[in-house]
Trainee: 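There's a structure below that I have some questions on.
Nothing here was measured: the structure is a model prediction, and the numbers come from that model.
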Amino acid sequence: MDNNKNETAEASEASETLSLASNQAVILEEQLITLVMESNQLMRALGAVRCLGLSSWCIGAGVIRNLVWDHLHSFEVQTPAADIDVVFFDGTDLSEKSERILENKLSLMEPGFKWELVNQASVHRWLTLESRIAVPPFLSLTEGVASWPEIATCVGVKLTDAGKVEIIAPHGLSDLFEMIVRWNPKCISYSAFAARVLQKKFTERWPRVKIFIAEN
């Protein structure tokens, strides 16, 4: 009888934990959507990319990180992104030429932004060259986003034809909102991650950022 009670209590606790985690994920997603929609610059960028008619795409990485961390630090002046990272998935055309054509179209629509487009269906080719290890092709946009160097930046947003902001966050949004820089071992070595952290100087711009330097 006691064993049954213990098992029931454990099951109840596990269910409650899952429910809390799910609720937290929804709250963070709603917060991110609100921040995106309040950013005139990002909404302009999203509108421009939507005009390309790509079937699977998002804007992600640094511009999303900057948006959230600036907000959490109550900065009045937004940290400029080095570029607007647009990723898409098209397994039918892996050429760099098609990426440049799309970049040129965006530059004509929004010349004030520095655009960078990458087809996640072709990323495995240069990852293989960099690592000298065979990297299998990604099978979807989400799988590509999930491979980015820090867990916090594995986040993308897109704008639907109906004007709805959608989030792609394969690892969730906790690291982003908790301002944690954590190594993602999917496609980058720890030494490369450490060098990137030094180069980015995250804590100089955002003092509340926490760097997790221990290897997984």
Trainee: Considering non-hydrogen atoms only, spot the tightest contact between N119 and D93 and give its length.
Mentor: ND2-O, 3.0 Å
Trainee: Minimum heavy-atom separation for C51 and M109, please, with both atom names.
Mentor: CB-SD, 3.8 Å
Trainee: Look at the side chain of R100 and the backbone N and O of L117, then say whether any donor-acceptor pair between them is shorter than 3.5 Å.
Mentor: yes
Trainee: So does Q31 have more than 12 non-hydrogen atoms from other groups sitting under 6.0 Å from CD?
Mentor: yes
Trainee: Which pair of heavy atoms, one from T203 and one from V209, lies closest together, and at what distance?
Mentor: CG2-O, 3.6 Å
Trainee: Donor-acceptor pair, H71 side chain versus L35 backbone, under 3.5 Å?
Mentor: no
Trainee: Any carboxylate oxygen within less than 4.0 angstrom of a Lys/Arg side-chain nitrogen, looking at E150 and R196?
Mentor: yes
Trainee: May I ask you to decide if F138's main-chain N or O and H124's side chain share a donor-acceptor pair within less than 3.5 Å?
Mentor: no
Trainee: Check P170 against C154 and note the closest heavy-atom contact, atom names and distance.
Mentor: CD-O, 3.5 Å
Trainee: Using the test side-chain contact (heavy atoms from CB on, under 4.5 Å), find all partners of D175 that sit at least two apart in sequence or belong to another chain.
Mentor: I151, A152, I180, R182
Trainee: Testing the basics here: between Q78 and R205, what is the closest heavy-atom pair and its distance to 0.1 Å?
Mentor: C-NH2, 4.3 Å
Trainee: Do F75 and M179 belong together in a cluster built from hydrophobic side chains that touch within less than 4.5 Å?
Mentor: yes
Trainee: Can you list the residues that meet the ring pair (Phe, Tyr, Trp, His ring centres under 6.0 Å) rule with F177, with sequence neighbours excluded?
Mentor: none
Trainee: Checking side-chain polar atoms at under 3.5 Å, does S140 have a donor or acceptor matched by the opposite partner on E143?
Mentor: no
Trainee: What do the steps show when you test W206 against D70 for side-chain hydrogen bond (donor to acceptor under 3.5 Å, both in side chains), and what is the final call?
Mentor: CA-CA 8 Å; W206 299 285; D70 283 355; 2.8 Å; yes
Trainee: Any idea which heavy atoms bring Q120 and V145 closest together, and the distance?
Mentor: OE1-N, 4.1 Å
Trainee: How many angstroms lie between CG in L102 and CG in L52, if you round to the nearest 0.5 Å?
Mentor: 5.5 Å
